[in-house]
Amino acid sequence: MLDILLDILSWILLLGGALFLLTGAIGVLRFPDFYSRLHAVSVCDTLGAGMVLLGLMLQGGLTLVTVKLMLIFYFMVFSGPTAVHALAEAAQVSGLDPVEDDREDG
Amino acid sequence: MSTLLGHYNYWIVIVLMMTGFYTVIARPNLVKKIIGLFIFQTSVFILFISMAKVEGGTAPIIEEGYSLYSNPLPHVLILTAIVVGLATTALGLALVVRIQEAYGTTNEDDIHVQDETD
Amino acid sequence: MQHLVDIVLLGLLMITGFAIVRMRSLLAVTMLTSIYSLFSALLFVVLDAVDVALTEAAIGAGISTILLLATVALTTEYEKVPSHRSLLPLLVVTLTGAALIYGTLDMPHYGDPNAPVHRHVAPDYIEDTPEEIGVPNVVTSVLASYRGYDTLGEVTVIFTAGVGVLALLGVHLRKRTEQPSDYHKLVVLRVIAKLFFPLILLFALYVLFHGDYGPGGGFQAGVIFATGFVLYALTHGLGNAERVIPPALLGILAAAGVLLYSAVGIEGMLLGGKFLEYNVLADDPVSGQHLGILLIETGVGITVAAVILIIYFGFVSRRPGGADAQDPS
Amino acid sequence: MYAIATILILVAIAVGLVRAFRGPTLFDRVMAGNMIGTLTVLLVAVLGFMNGRPEFLDIALVYVLISFISTIAVLRVYVSRHDHADTD
Amino acid sequence: MLLSNLPALQVVVPLVSAPICLLLRRPGHAWACALTVSWAVLVMAVLLLRQVALEGTVSYPLGAWATPWGIEYRIDMLAALVILVIAIIGAVVMPYARRSVMQELDDEHIGAFYTCYLLCLTGLLGIVVTGDAFNLFVFLEISSLSSYVLISLGRDRRALTAAFQYLVMGTIGATFILIGVGLMYMMTGTLNMADLAQRLPAVDDTRTVRVAFAFVTVGVSIKLALFPLHIWLPNAYIYAPSVVSIFLAATATKVGVYVLLRLFFTVFGVQFSFDDMHVGDIIMWLAIAAVLTGSLVAIFQDNLKRMLAYSSVAQIGYIVLGIALATGAGVSAGIIYLFNHALIKGALFMALGGIMLRLGSVELRDLHGLLRQMPWTVAAIIAGGLSLIGVPLTAGFISKWYLVAAALEGGLWPLAFIVLASSLLTVIYVWRIVEATCFRAAGDERPGVREAPLSMLLPTWLLIALNLYIGVDAEVLTGLADTAAAALVGEALP
Amino acid sequence: MINLKHPFNLSLFLFAVWLLLSGHYTPLLLTLGLLSTLLVVFIAARAELIDHEMQLVLIKPGVLLYWVWLGGEIVKANIDVCRRILDPRLPISPRMIRVRATQKSELGRVTYANSITLVPGTVTVSVEGDRFTVHALTREAADDLEGGELNRRVRDVEQRF
């Protein structure tokens with residue numbers, strides 16, 4: 001019973017994660033300027049990747065495989081935002097201006 | 001039809017190889033030439049790895065529960081070839097940097113012009 | 001499923017390849033080259049070549065991209081339109097491609113288990129490795145033992161490249177305090193690099209010593225080790241990096257790796273065997289093989305790491321020069 | 001289930017590739033490359049499970065590191081070059 | 001122990017000494033290391049030739065793995081002869097190198113220079129010794145990469161572009177070879193040359209093997225600078241440091257020829273290469289074109305190095321001409337030509353290096369009346385030139401004689417005529433040198449120009465002497481070449 | 001309580017990582033693992049990396065609680081951003097804002113900066129002393145950040161490092 005439950009949970013996580021990844025990619029395509037695209041990349045790096053890896057961890061169970069997945073997760077959590085930050089900073093230093101929008105919408 | 005499916009991989013790989021090859025011989029920019037070489041070589045690697053694949057096989061790391069493994073030999077050859085490729089790329093780019101310093105350009109046509117006026 | 005992934009990846013590779021030919025911005029082309037390499041690495045995973053995938057990603061998407069970008073930054077960012085268009089290259093390429101396609105017609109089909117490559121020589125490697133070498137990873141056993149001499153050649157090739165870059169670009173010692181001009185802005189990178197650096201090095205050594213069991217080995221380990229130092233150099237400044245590993249030491253290490261490898265081979269001779277015969281290194285053949293593989297993989301790792309750092313230092317210590325370095329034609 | 005995830009990730013990679021082609025700035029391309037790197041890592045992990053050989057996670061781990069470091073390296077090398085070009 | 005491991009040591013000794021050479025730092029020490037190794041290599045080459053002559057083909061399994069699972073070293077008479085050529089040139093060029101390198105290179109580059117020289121030597125020897133198709137590719141790359149570096153160390157900035165052009169073409173060639181080897185492997189499942197030779201006939205009517213053959217041939221042709229794939233060669237020879245020009249001109253293309261022979265005769269077999277693929281006809285036309293254009297272009301050159309470089313293109317044509325005949329006599333003539341040409345070109349480039357050292361130029365107009373100031377060097381050039389033409393009592397005569405004889409034996413008298421006619425072209429450009437150096441008065445004074453130092457003159461004249469000796473007594477060489485050729489072609493000895 | 005200020009602790013930590021990675025516990029590999037650890041620690045010491053910033057921030061309960069809270073925020077923000085990506089009208093209003101970080105240590109500020117970036121909708125563009133430039137995808141995200149809850153929480157958790 002628990003096994004089946006875990007299986008279903010892991011599938012949900014896996015598929016959900018993949019969907020988030022795809023959404024992030026679409027965002028990278030759709031957003032109008034470099035800086036806003038970065039937010040879409042963040043979607044991939046955080047929730048998308050996290051859910052996929054968590055789903056796989058549930059499949060792996062309490063083994064060294066899961067440890068490795070956790071290590072991958074650890075590296076991703078730290079490297080993802082750092083890379084995004086480095087990109088943003090480099091773009092700013094090189095003089096790339098963001099598209100600013102002050103419309104009152106929501 | 002079976003020919004088509006059986007050779008699909010190889011044909012695409014050939015197109016890739018020729019893409020790189022064309023870049024090498026048709027583009028006057030030296031960096032682009034090196035990039036062309038890189039693409040050319042990488043595609044040849046894919047050719048080798050494609051021929052190593054066995055339908056239904058798995059990576060050649062022996063483990064219980066598996067009996068059919070892909071051919072390890074091309075993998076070994078390509079490991080060596082990748083290193084050779086890196087060595088060539090590094091040397092080529094080092095030469096490009098020195099040529100830029102000596103000629104002030106990395107365009108083959110401009111270099112020829114300069115050499116002829118010497 | 002595997003076929004689908006395979007076909008999609010090849011398609012992506014083809015599109016990327018065409019884009020690389022067409023684009024004139026060399027920066028864009030460099031990034032696409034990196035992506036191209038990443039795709040081929042992914043394809044290698046699908047085709048079961050895990051060791052190759054590891055190497056291709058580290059070399060192609062990693063080191064080569066960095067070198068290409070360093071070169072582009074030192075030269076020009078845009079490729080000029082060729083002054084004359086000639087049909088000759090297209091003709092040569094078409095002919096070559098046609099010849100190759102012609103050659104594929106009699107090839108064994110992709111994945112065919114009865115192809116000659118799967119009937120002769122290779123099956124014996126898979127069959128004999130467990131008892132003759134005693135390691136599960138057949139790629140490692142072939143690489144390091146059956147065809148260990150090729151690998152010695154490979155180490156020599158990379159050593160040659162190191163000597164070449166040393167001769168062409170040199171490695172200039174810099175003041176130990178020299179730091180990136182925007183050092184203060186690098187807080188985030190520096191702290192993260194601090195966290196990562198020891199782990200990357202440890203992981204490299206793990207890859208080195210577990211090449212027997214899984215994907216990896218001396219070569220991949222060397223690249224990862226060097227990449228760790230590249231990260232350190234990027235965040236803490238070249239001066240600091242050269243203090244941790246002085247360039248003079250790098251030259252010695254590059255030579256030492258080749259010498260260690262050859263020494264194992266010569267030791268085999270001295271003990272009455274052939275060159276690179278590991279069986280004679282220990283009392284029983286299998287532990288001899290183990291010892292031999294361990295030592296030569298270490299040699300490979302040392303040379304590769306040292307040479308990659310030599311190359312990296314060589315490229316980044318060059319200042320931009322030349323007349324039209326920023327020519328935006 | 002793995003198959004569907006694989007397909008979704010592949011589509012995402014293709015979409016990311018379009019951004020890499022379009023640019024328009026170097027940074028857009030680096031960003032696309034970085035994202036494709038992340039997607040590749042996950043794809044390798046999923047493929048490992050699909051083929052029943054999850055020990056290949058080592059590859060995924062290497063990809064994470066390489067993708068991160070090369071992104072940083074590309075940016076740093078590029079930016080520092082341009083600094084020098086301005087001052088020299 | 002030493003003797004039984006001779007085949008491996010032949011390559012391993014220079015390989016191991018290369019990193020040691022890099023560690024030595026002091027230019028003098030690096031040179032001493034390279035010198036010692038070169039001589040050791042020569043001793044081993046002689047011993048190996050003796051062993052092959054006495055025992056026949058020597059096989060050495062590296063790592064003690066049985067073929068075709070492991071890599072095999074396999075030395076037959078042809079390989080032993082080519083090794084000897086490389087070893088002789090290496091041993092002669094090293095004593096010569098010290099002064100020349102000191103003058104032409106910066107101190108900081110000298111260590112790297114000798115390291116690369118040793119690596120190049122390793123690569124060339126490795127190509128010749130190996131019996132494994134992929135191992136050949138690896139050692140080809142070792143020799144190629146190190147020669148790119150060596151060439152780029154030249155003083156002129158054009159050395160850089162020459163090296164780059166060579167790198168691009170060489171890599172294309174190597175990749176072609178890799179593709180060819182891959183296709184061969186695909187059809188047979190083996191990489192060992194002997195094993196390939198056994199298994200190829202079963203599949204040699206497939207299109208894949210034909211394409212493999214074509215790719216390997218084109219790849220090797222780039223490496224040996226066969227017309228029209230020679231365009232990298234002239235610049236590479238001209239702008240490289242003198243020592244590198246000598247070494248590469250005398251050895252690198254010869255090794256390319258060796259690979260071609262191996263491929264046509266050992267791996268694919270005479271029948272497939274010449275009867276099925278008609279490669280003989282193709283390369284014969286290319287060789288004729290090489291001979292004629294090379295000689296013609298050489299005539300109009302004012303730079304002596306460039307003149308000799310184009311002359312090399314022509315001479316490679318002669319060698320390939322012999323191979324294209326595909327008969328025992330033809331191949332034997334090719335091998336003899338290969339051997340002699342290495343000695344001649346080595347000597348000529350050495351003499352030019354001497355002039356370069358004293359004059360800093362090898363332009364014909366700067367050499368007017370040089371005979372008076374550098375009599376021995378000029379005499380060496382003239383002697384070498386005579387040998388290049390093929391005047392009796394020189395090695396050049398022997399090689400041309402055998403080539404013409406082989407052509408006539410095959411009933412190809414137009415070919416014999418072309419060989420003789422092109423020799424006349426050679427006479428013209430050699431005469432231009434003689435005229436300039438002996439009969440023109442020096443335009444302006446060249447104070448301080450004197451004879452090249454003894455360390456450079458002696459090696460030059462050593463090669464010239466060897467040249468003349470072979471011109472008088474070629475018995476041993478032709479005997480060995482006949483044995484080698486017969487083994488390749490598969491004929492009984494005449 | 002793991003404190004990586006001391007090389008010995010770093011060695012223990014790295015060796016533990018090795019054991020988790022390895023999965024093969026033969027004497028040879030354990031010895032190699034030990035040697036590898038020592039080599040890495042030696043290099044890290046040479047690189048002057050072993051200082052108070054080498055913390056394993058995940059270990060303490062209070063810190064863990066912070067990560068859990070941040071995880072919740074990330075999920076919420078993710079769903080918001082994804083909704084906007086998929087909305088045909090693309091309802092975003094990107095802007096650059098400046099915020100002040102009140103953390104005392106560098107590590108604290110880095111945690112803050114990375115936390116900002118981790119939450120989709122806000123990206124730290126540059127860090128100069130305690131002044132951050134942040135790019136926000138929407139007004140809401142910008143307002144949220146300027147509200148300062150994240151800043152406060154990081155400052156609290158910083159004390160526990």
Side-chain angles (χ1 to χ4, degrees), chain A residues 7 10-12 14-31 33-35 37-38 40-41 43-45 48-49 52-53 55-56 59-60 63-69 71-76 78-80 82-84 86-96, chain D residues 1-2 4-20 22-28 30-39 41-46 48-49 54-58 60-65 67-76 78-80 82-83:
Chain A
D7 245 17
S10 85
W11 289 343
I12 292 172
L14 201 59
L15 287 190
L19 279 173
F20 270 111
L21 291 175
L22 186 56
T23 316
I26 293 173
V28 168
L29 194 63
R30 280 196 76 195
F31 278 158
D33 81 320
F34 168 74
Y35 293 97
R37 282 173 211 141
L38 284 176
V41 173
V43 172
C44 283
D45 279 347
V52 169
L53 290 175
L56 292 178
Q59 289 285 329
T63 52
L64 284 178
V65 170
T66 305
V67 173
K68 268 184 195 157
L69 283 169
L71 206 63
I72 294 178
F73 186 67
Y74 170 84
F75 275 118
M76 269 199 168
F78 282 98
S79 74
T82 312
V84 166
L87 262 164
E89 191 185 19
Q92 197 201 29
V93 167
S94 82
L96 184 68
Chain D
M1 206 47 56
Y2 294 131
I4 299 174
T6 308
I7 293 171
L8 285 175
I9 296 177
L10 276 176
V11 174
I13 290 180
V15 174
L17 192 59
V18 175
R19 178 47 70 200
R22 283 214 199 144
T25 63
L26 169 75
F27 304 107
D28 285 291
V30 177
M31 175 179 74
N34 187 40
M35 193 183 74
I36 291 176
T38 307
L39 293 170
V41 172
L42 297 174
L43 187 56
V44 169
V46 173
F49 273 85
E55 60 267 49
F56 299 154
L57 291 175
D58 285 351
L61 203 45
V62 173
Y63 283 14
V64 180
L65 297 176
S67 148
F68 171 62
I69 296 175
S70 62
T71 303
I72 303 293
V74 163
L75 295 172
R76 298 290 307 153
Y78 183 75
V79 170
S80 70
H82 277 244
D83 283 359

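Residue numbering restarts at 1 for every chain, and letters A, B, ... go by the order of the sequence lines.
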message: Quick check for you: to the nearest 0.5 Å, what is the distance between A/Tyr74 atom OH and D/Leu61 atom CG?
response: 12.0 Å
message: Let me confirm one number: the CZ-CZ distance from A/Arg37 to D/Arg19, rounded to the nearest 0.5 Å.
response: 3.5 Å
- prompt: side-chain contact (heavy atoms from CB on, under 4.5 Å) between D/Tyr2 and A/Leu56: does it pass, once the steps are laid out?
  reply: CA-CA 10 Å; D/Tyr2 294 131; A/Leu56 292 178; 3.9 Å; yes
- prompt: Roughly how far, to the nearest 0.5 Å, is the CG atom of A/Leu69 from the CZ atom of D/Phe49?
  reply: 5.0 Å
- prompt: Between atom CD1 of A/Ile72 and atom OH of D/Tyr63, what is the distance when rounded to the nearest 0.5 Å?
  reply: 12.0 Å
- request: Can you see which heavy atom on A/Ala83 is nearest to which on D/Ile72, and at what distance?
  value: CA-CD1, 4.3 Å
- request: Drop me the distance from D/Asp28's CG to A/Tyr35's OH, to the nearest 0.5 angstrom.
  value: 10.0 Å
message: Counting only non-hydrogen atoms closer than 4.5 Å, does A/Phe31 touch chain D with its backbone (N, CA, C, O), its side chain (CB onward), both, or neither?
response: backbone
message: I need the residue from D/Ile4, D/Leu65, D/Ile9, D/Thr71 with the largest number of non-hydrogen atom pairs under 4.5 Å to chain A.
response: D/Leu65
- request: Identify which part of D/Val46 has an atom lying under 4.5 Å from any heavy atom of chain A, answering side chain, backbone, both or neither.
  value: both
message: I need the A/Leu21 CG to D/Thr38 OG1 distance, nearest 0.5 Å.
response: 8.5 Å
task: With a 4.5 angstrom heavy-atom cut-off, could you sort out which part of D/Leu39 is near chain A: side chain, backbone, both or neither?
output: side chain
message: Less than 4.5 Å to any heavy atom of chain D: does that hold for the side chain of A/Leu64, its backbone, both, or neither?
response: neither
statement: Nearest heavy-atom contact between A/Leu87 and D/Phe27 is CD2-O, 3.6 Å
field: Taking every non-hydrogen atom, the tightest pair across A/Ala25 and D/Val15
entry: O-CG1, 3.4 Å
message: So for A/Val65, is it side chain, backbone, both, or neither that comes closer than 4.5 Å to the heavy atoms of chain D?
response: both
- prompt: What is the minimum heavy-atom distance between D/Leu8 and A/Ala18, and which atoms define it?
  reply: CD1-CB, 3.6 Å
query: Considering only heavy atoms, which portion of A/Ser94 lies under 4.5 Å from any heavy atom of chain D: side chain, backbone, both, or neither?
result: side chain
